[in-house]
Trainee: 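Here's a structure for you.
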There are 2 protein chains.
Amino acid sequence: MRPTVHDIAAKAGVSLATVDRVLNNRPGVRGVTRDKVERAIEALGYVRDVAAANLAKSRIYPLVFILPEGDNTFMRGLAAEVEAAKARSAVERTAITVLSVPAFDAPALAQALEEARGLDPAGVAVVAIDATEVVRAVDRLREDGIAVVTLVSDLPGSSRDHFAGVDNVAAGRTAGTLMGRFLGGREGPVAVVAGSMLVRDHRDRLEGFGAAMAESAPGRRLLPVVEGQDDPGEVDRLVSNLLADHPDLAGIYSLGAGNRGLIAALERTGRDKTVCAIAHELTPHSRTALLSGTLDALLNQDAGHEVRSAIRVLKARADGLAVIGAQERIRIEIFLKDNLPVDPA
Amino acid sequence: MRPTVHDIAAKAGVSLATVDRVLNNRPGVRGVTRDKVERAIEALGYVRDVAAANLAKSRIYPLVFILPEGDNTFMRGLAAEVEAAKARSAVERTAITVLSVPAFDAPALAQALEEARGLDPAGVAVVAIDATEVVRAVDRLREDGIAVVTLVSDLPGSSRDHFAGVDNVAAGRTAGTLMGRFLGGREGPVAVVAGSMLVRDHRDRLEGFGAAMAESAPGRRLLPVVEGQDDPGEVDRLVSNLLADHPDLAGIYSLGAGNRGLIAALERTGRDKTVCAIAHELTPHSRTALLSGTLDALLNQDAGHEVRSAIRVLKARADGLAVIGAQERIRIEIFLKDNLPVDPA
DNA sequence: GAATTTTTGATGTACGTAAATCAAAAATCC
DNA sequence: GGATTTTTGATTTACGTACATCAAAAATTC
């Protein structure tokens with residue numbers, strides 16, 4: 001049987017109340033006594049039964065998720081994962097509120113953060129936009145003792161506790177290496193389609209992509225980045241133009257969302273088999289395009305992992321506990337048509 | 001506040017004891033009453049507080065892991081993950097026993113399964129070998145009501161409850177597609193190094209690799225498979241011979257373990273930059289080789305995920321609960337030098 | 001050494017569920 | 001309608017921790 005508080009009390013020769021005072025560092029214990037108890041804890045290898053502790057505390061963690069609105073599948077998938085977490089809230093002792101804000105709208109996001117603050121939650125998870133007013137709003141939350149985790153897109157200048165997302169420079173590098181190697185001897189320039197250069201993750205991916213391309217395909221020409229606002233229609237228009245302007249286009253790296261537009265443009269023009277296309281995020285559309293060969297590779301961040309990780313970190317921070325960084329690191333997944341997970345993500 | 005058993009009792013107009021009888025389907029409840037209670041549960045949206053339930057039951061799950069001995073890093077990593085799970089057993093209410101058996105030894109494995117049966121555990125996780133006596137031993141465990149999960153290597157003919165491992169045909173296909181595309185215009189044959197064609201996962205990988213290579217690099221010559229017994233020394237010898245015999249060798253796919261030998265042979269002969277090498281399993285050695293460019297890509301199955309998934313499935317099966325197949329599916333990870341996780345696996 | 005403050009002990013209740021016991025009520029059988 | 005069986009109720013204890021209260025003991029101050 002694993003040791004309990006009673007065993008510690010017996011071993012240390014003190015009362016249960018004193019053990020409780022030490023365990024929950026309540027005041028009124030002499031240093032000598034505290035040491036005695038701590039030695040007993042050590043000797044017995046006691047670990048607090050969290051289930052029993054939570055039961056006794058009947059603690060719940062009120063959390064707020066702030067997500068962007070908008071017509072792109074990845075963010076809708078992220079929202080779905082938050083809903084799934086909500087369904088688990090009874091088990092996980094969380095109470096999750098979701099706030100939606102217009103995409104790429106820093107003032108609206110800052111306002112939503114203020115609204116979240118009004119709800120006095122234990123923690124807030126937010127898909128960040130890199131703007132000073134957002135940084136200020138996050139810092140205000142932290143000053144109120146509210147834990148903050150950035151989700152998918154980080155906010156490095158702020159005092160956020162943690163970033164639940166991928167290393168986007170590395171993701172861009174990965175795409176660059178794949179593109180360079182997949183192109184092989186093929187001639188022609190490579191295009192890059194982003195959502196918006198105002199968002200940090202897109203800037204980071206571009207940086208990584210450029211660097212890795214320079215290594216794996218030195219001398220290859222990169223066309224100037226075009227920005228599709230993560231909107232399928234806009235991406236379709238931009239890619240169609242690129243294909244028309246560059247009959248020898250060898251590859252396209254789409255580092256943002258709105259890939260339905262990319263896929264549509266490639267397939268409509270019949271260039272899907274000759275242009276090497278690498279994109280981000282596994283969705284039903286991108287999955288189909290990967291299987292048909294329109295897309296050559298797909299980089300992915302697991303939205304479910306990110307949401308679950310964010311919740312774990314927020315809970316830990318609310319309790320003032322440390323998190324194991326390595327365990328909460330989100331991986332950059334590479335999918336080819338051959339290693340797709342069976343269920344549509 | 002979320003509803004409790006008391007709320008159900010009040011709502012249904014029955015006693016607490018009756019609610020308990022329904023919830024834990026104990027006998028002695030009329031159909032009418034049972035319905036009344038179930039409607040109340042439904043109406044209130046009651047979900048059992050697992051923490052409280054486990055506390056009350058003070059249930060533990062005795063589990064047995066059967067792992068092969070042998071000098072290869074992957075299996076040692078797997079064993080380390082089981083140890084890590086053992087360290088968590090207080091929290092997870094498990095009691096894990098590990099049995100070691102000689103590698104590739106079916107009679108010894110069957111005997112270990114019998115030994116596990118003698119321990120009367122709730123479940124057994126085993127790295128399977130494809131042999132009739134092993135199938136029989138697994139079936140005997142199942143007849144005794146003991147849950148069985150195969151780990152890493154499956155046993156399709158048996159009555160095992162679940163396989164915690166990757167789809168190895170798909171893994172081979174993934175390697176084949178990568179190899180075909182990475183080779184690009186380069187000439188020369190491609191070699192395949194396996195551990196043993198007697199093991200199912202290696203046969204599966206070879207099958208997938210051949211099929212995908214035929215698609216992505218039609219006409220490319222595949223050399224006959226050589227078998228290195230997952231032993232670094234033997235692999236080194238075999239690869240050295242291959243390199244000597246085929247000065248124009250374009251690629252090597254190592255689908256088993258013992259990659260230290262592969263890496264050593266490539267680097268010693270200075271062919272590490274000209275031969276495209278794809279291997280399995282992320283280890284400190286393969287990680288270094290990927291970063292230095294000796295290996296071009298690495299396929300991986302996350303041993304930690306596999307062990308944790310096996311435990312979840314065994315616990316669920318011991319309680320007669322269903323598992324969500326999709327959630328327990330182990331992914332085939334692709335690593336390039338750019339998307340390696342930060343901590344050495 | 002008396003008064004004060006600090007530390008410790010003893011004890012009880014609560015969290016939500018499991019499981020057991022015994023008595024009471026209701027249904028069923030003949 | 002009485003005997004028997006089945007169903008239901010009432011109540012208690014337990015799991016391991018948190019937290020509060022009050023009394024007793026020890027240490028500290030002057």
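Values below: all heavy atoms of this structure, side chains included; hydrogens, waters and symmetry mates excluded. Quick note on labels: first sequence line is chain A, next is B, and so on, each numbered from 1. All values reported here derive from a predicted model rather than from experimental measurement.
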Trainee: Taking the side chain of H6(B) as its heavy atoms from C-beta onward, which of dA27(D), dT17(C), dC15(D) lies nearest to it?
Mentor: dT17(C)
Trainee: Quick one: is dA10(D) close enough that its OP1 or OP2 comes under 4.0 Å of any side-chain N or O from S15(B)?
Mentor: no
Trainee: Base, sugar-phosphate or nothing for V50(A)? Non-hydrogen atoms, less than 4.0 Å.
Mentor: nothing
Trainee: Using side-chain contact (heavy atoms from CB on, under 4.5 Å) as the criterion, point out the one residue from I41(B), V5(B), D7(B), T4(B) that pairs with V19(B).
Mentor: V5(B)
Trainee: When rounded to the nearest 0.5 angstrom, what is the spacing between CD1 in I311(B) and CZ in F65(B)?
Mentor: 4.5 Å
Trainee: Select base, sugar-phosphate, or nothing to describe what G31(B) touches, counting heavy atoms under 4.0 Å on all strands.
Mentor: nothing
Trainee: If you measure from CD on E333(A) to NE2 on H305(A), what distance do you get to the nearest 0.5 Å?
Mentor: 7.0 Å
Trainee: Below 4.0 angstrom from OP1 or OP2 of dG16(D), is there any side-chain N or O of T4(A)?
Mentor: no
Trainee: Would you tabulate the side-chain donor-acceptor contacts of residues 23-31 of chain B under 3.5 Å, counting partners in other chains and residues two or more places apart, or write 'none'?
Mentor:
| residue | atom | partner | partner atom | Å |
| --- | --- | --- | --- | --- |
| N24(B) | OD1 | R48(B) | NH2 | 2.8 |
| N24(B) | ND2 | D20(B) | O | 3.2 |
| N24(B) | ND2 | D20(B) | OD1 | 2.9 |
| R26(B) | NE | D20(B) | OD2 | 3.1 |
| R26(B) | NH2 | D20(B) | OD1 | 3.2 |
| R26(B) | NH2 | D20(B) | OD2 | 2.7 |

Trainee: Return the value, rounded to whole Å, for the distance between atom CG of D49(B) and atom P of dG16(C).
Mentor: 7 Å
Trainee: Quick check against the 3.5 Å criterion: does D161(A) have a side-chain atom that pairs as donor or acceptor with the backbone of V148(A)?
Mentor: yes
Trainee: Please tabulate, one pair per line, each protein N/O and nucleotide N/O from nucleotides 18-24 of chain C that are separated by under 3.5 Å, including the distance.
Mentor:
| residue | atom | partner | partner atom | Å |
| --- | --- | --- | --- | --- |
| dA18(C) | OP1 | N24(B) | OD1 | 3.4 |
| dA18(C) | OP1 | R48(B) | NE | 2.6 |
| dA18(C) | OP1 | R48(B) | NH2 | 3.2 |
| dA18(C) | OP2 | N24(B) | ND2 | 3.3 |
| dA19(C) | OP2 | R26(B) | NH1 | 3.1 |

Trainee: Can you confirm whether more than 12 heavy atoms, excluding those of E92(B), are under 6.0 Å from its CD atom?
Mentor: yes
Trainee: Write down the distance between CD1 (I60(A)) and P (dG16(C)), rounded to a whole number of angstrom.
Mentor: 12 Å
Trainee: DNA chain D: R93(B) or T18(B), which has the more 5' nearest nucleotide?
Mentor: T18(B)
Trainee: Nearest-Å distance, CD1 (I8(A)) to P (dA18(D))?
Mentor: 10 Å
Trainee: For L55(B) and dA14(C), what is the distance between atoms CG and P respectively, to the nearest whole Å?
Mentor: 17 Å
